[in-house]
Amino acid sequence: MKTGAMAACIQPLSALAEEANRDPVPLPEGHVAAVNRRRRIVVQYDAFSQFDVDFRQWIDYRFRYADEAGSQIDSLWWDIGGDPGTASYPSKVLPAFNYRALDAWREQGIDWAGELIRQTRLRKLEVFWNHRISEVELAPEGGLEMKRMNPIKEANPDWVIKTWWWQGMWNLAAPGVRSFKIKVLRELAENYELDGFQLDFARHMPCLPPGRQWELRGHVTTFVRMVREILLDVARQNGRPILLAARVPRSIKGCRVDGLDIEEWARQNLVDILTLGSRSVDVDVEGYRRAIDGRNIKLQPCFDDHHTTDGYRNPPSEVFRGAFANWWQQGADSVVTFNWSNAPPEACEKIGARPGPLSQRQAYQEAGSPETLRWKNKVFIVERRGGYPWSTGYFNHNRDSPLPLTLANTGRAARLPIRIADPVHTSAERVDSLRLRAVLFRRPDRWDVEFKEGDAFEARLNGVRLPSLLRDPAWKDPQIFSPKPQRISGGSGIFEVDPEQKLLRLEWKVDPRLCRQGENHVEIRISQRAPYRPGAEIVLEKLEIHLRYAA
């Protein structure tokens with residue numbers, strides 16, 4: 001894109017200053033009650049798959065976990081993708097997305113998106129539409145379309161930012177993009193009985209020209225305000241509230257990198273719910289609470305178990321519990337799952353869907369409340385970096401996460417924060433075991449480099465040295481790939497153990513009375529090195545607290 005064309009499409013900065021001074025949007029009576037309705041577990045489902053089956057069977061599959069007795073799911077947010085610039089639902093604004101797998105349903109007169117919404121309402125569950133701010137183009141036969149240019153992007157080159165995706169991401173600094181999206185969203189709000197919409201900035205970044213995101217943040221604020229106003233207008237016509245949510249990075253710092261002015265959104269009453277992060281277990285709930293400054297905006301962290309936090313794809317129940325319990329302890333109003341299975345394995349296999357782990361099914365029975373997580377075994381983790389190439393900016397990269405971390409050969413301690421949601425310091429009698437676990441890799445980049453008996457390590461929790469319990473030089477972890485390059489997130493989720501892998505698992509005993517509810521600090525150091533060649537390093541790959549309660 002030429003610089004001149006980009007400049008011509010961007011609103012003058014003086015107009016952005018005026019935008020920042022706009023009055024708060026007044027919210028009608030009844031809107032606040034809708035914001036405050038019970039919302040324990042919010043499930044965002046990417047429903048664009050498995051179309052080659054009978055529609056009734058497909059609907060049964062999509063709602064199976066939500067229909068199970070004991071489910072804590074209160075809200076379903078349908079993520080209905082397709083090719084940006086076309087519609088996979090009946091539309092007068094967009095041309096039809098000619099997706100062959102949907103033709104049979106269309107011929108039967110089935111509006112699959114409308115039926116998902118209707119079935120959600122029949123179950124008395126809250127229903128949202130998830131709008132991906134910048135989707136990638138899909139091929140009619142499935143998969144990514146790499147052969148043709150999106151006609152709308154081709155006709156409006158000043159609407160896109162050329163970046164990691166060859167067709168470009170939508171540029172919210174272009175007034176034409178904002179107007180185009182408003183038409184799409186208004187039609188959806190008028191045609192379907194929805195409780196709300198989510199603007200999903202995670203799919204994908206950037207939405208502003210790289211390097212100028214914070215400078216141009218007012219364009220995103222303008223767009224969010226436009227969406228808020230058209231939803232309020234449709235709500236007045238329909239006589240029922242339509243809420244507005246936004247999926248944003250895991251911290252206010254990340255929002256500033258990507259050009260999302262949360263403080264201004266809050267001041268202007270533009271959003272009701274903020275979904276915090278996507279593939280990050282470490283989210284700054286307290287920082288967001290300060291940023292919204294007492295306004296009635298709900299905060300809900302998200303666990304994406306496809307593009308998951310690195311090293312913990314399809315984890316055991318204890319890891320899910322640790323993540324969700326930490327969020328509740330920090331003051332979350334609800335929790336979100338994304339890219340989880342819709343149904344148990346037997347139902348998935350009937351329609352050709354890949355089954356998810358049963359730990360997801362269990363989480364839907366217990367993760368929606370701190371009370372139902374109490375006295376259950378947990379694993380609390382320190383987050384790992386990277387593994388996400390589908391974004392330019394901050395969102396989803398976890399670049400500022402602490403791990404992996406090279407330990408100093410000088411014996412200097414590495415200090416890392418780790419959250420423990422449970423008040424184990426006041427309920428030590430209920431704890432069967434509490435352990436700190438570290439997984440280490442020794443390089444240079446060859447499998448034949450082993451840990452030596454002379455390599456010794458020391459750990460402290462909150463300043464107190466911990467007694468060693470275990471040293472396992474035969475430990476394997478299929479989601480650690482050192483010395484090979486880190487894999488990107490996603491894929492099948494099937495990982496094979498390399499029999500030649502050499503990791504070291506260390507465990508130390510933790511006295512529950514040393515722990516604090518909330519943030520704790522772990523120090524790990526090399527207390528002794530075996531003889532080694534210059535340049536040899538020891539890398540801390542994972543750090544976890546394993547909590548097990550007495551039966």
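Quick note: numbers below take in every heavy atom, side chains included, and nothing from hydrogens, waters or symmetry partners. Model, not experiment: these values are computed from the prediction. For reference, positions follow the sequence shown, starting with 1.
- Between atom CD of residue E193 and atom CZ of residue R121 there is a gap of 4.0 Å, rounded to the nearest 0.5 Å.
- Put simply, the residue from E366, Q365, Q72, R321 that forms a side-chain hydrogen bond (donor to acceptor under 3.5 Å, both in side chains) with T372 is Q72.
- Using a cutoff of 4.0 Å between basic side-chain nitrogens and carboxylate oxygens, R40 and D74 are scored as salt-bridged.
- Taking 4.0 Å as the cut-off between side-chain N and carboxylate O, K542 and D310 do not count as a salt-bridged pair.
- Salt bridge annotation for R132-D46: present, with a cationic side-chain nitrogen under 4.0 angstrom from a carboxylate oxygen.
- For the pair R279 and Y388, the cation-pi test (distance below 6.0 Å, angle within 45°) is failed.
- Test Q198, H131, Q300 against R247 for side chain to side chain contact (heavy atoms under 4.5 Å, CB included) and you get one pass: Q198.
- Between the side chains of E318 and N377, no donor N or O sits under 3.5 Å from an acceptor N or O.
- Here the two rings, on Y61 and W58, have centers that are 6.0 Å apart or farther.
- To the nearest 0.5 angstrom, R354 atom CZ is 11.5 Å from E349 atom CD.
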Subject >> From CA spacing to verdict: ring pair (Phe, Tyr, Trp, His ring centres under 6.0 Å), W475, F441 >> reply: CA-CA 10 Å; W475 184 248; F441 171 72; over 10 Å; no
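- A donor-acceptor contact closer than 3.5 angstrom is absent between the side chains of S341 and Q360.
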**OP:** Given ring pair (Phe, Tyr, Trp, His ring centres under 6.0 Å), test W265 with F223 step by step and report yes or no.
**Re:** CA-CA 11 Å; W265 297 4; F223 172 67; 9.6 Å; no
**OP:** Show your working on side chain to side chain donor-acceptor pair (under 3.5 Å) between W77 and T275 and close with a plain yes or no.
**Re:** CA-CA 12 Å; W77 296 20; T275 301; over 6 Å; no
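- With H204 as the partner, the ring-ring contact (aromatic ring centres under 6.0 Å, His included) test is satisfied by one option alone out of F395, W164, W165: W164.
- A salt bridge is absent between R64 and D67: the closest approach of a Lys/Arg side-chain nitrogen to an acidic carboxylate oxygen does not fall below 4.0 angstrom.
- For the atom pair NE2 of H306 and OG of S278, the computed distance is 10.5 Å after rounding to the nearest 0.5 Å.
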**OP:** Could you walk me through whether W327 and F324 pass ring pair (Phe, Tyr, Trp, His ring centres under 6.0 Å), step by step?
**Re:** CA-CA 5 Å; W327 293 341; F324 290 119; 5.4 Å; yes
**OP:** Would you sort out whether L547 and I420 count as a side-chain contact (heavy atoms from CB on, under 4.5 Å), showing the intermediate values?
**Re:** CA-CA 9 Å; L547 168 62; I420 301 175; 5.5 Å; no
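- For the pair N396/W390, no side-chain contact is recorded, criterion being any heavy-atom separation below 4.5 Å from C-beta on.
- A salt bridge is absent between D477 and R437: the closest approach of a Lys/Arg side-chain nitrogen to an acidic carboxylate oxygen does not fall below 4.0 angstrom.
- One finds no salt bridge joining R240 and D195 here, because no Lys/Arg side-chain nitrogen approaches an Asp/Glu carboxylate oxygen to under 4.0 Å.
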Subject >> F51/W105 under ring pair (Phe, Tyr, Trp, His ring centres under 6.0 Å): CA gap, chis, key distance, verdict >> reply: CA-CA 9 Å; F51 296 132; W105 292 354; 5.3 Å; yes
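- The residues R384 and E541 are annotated as salt-bridged, a charged nitrogen and a carboxylate oxygen being separated by less than 4.0 angstrom.
- Here the straight-line distance linking atom CG of L358 with atom OG of S317 works out to 8.5 Å at 0.5 Å rounding.
- Side chains of N191 and Y89: a donor-acceptor N/O pair is absent below 3.5 angstrom, by distance only.
- Ion pairing between a basic and an acidic side chain is recognised when a charged N comes within 4.0 Å of a carboxylate O; R203 and D79 show no such pairing.
- Atom CG of N314 is separated from atom OG1 of T308 by 8.0 Å, given to the nearest 0.5 angstrom.
- With salt bridges taken as basic N to acidic carboxylate O contacts below 4.0 Å, one links R250 and E383.
- Between the OG atom of S49 and the CZ atom of R62 there is a distance of 4.0 Å, given to the nearest 0.5 Å.
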Original post:
Checking side-chain contact (heavy atoms from CB on, under 4.5 Å) for the pair R419/Q330: CA distance, chi angles, key distance, verdict?
Top reply: CA-CA 10 Å; R419 300 196 70 96; Q330 291 175 76; 3.4 Å; yes
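- A centroid separation of less than 6.0 Å is found between the aromatic rings of Y364 and W340.
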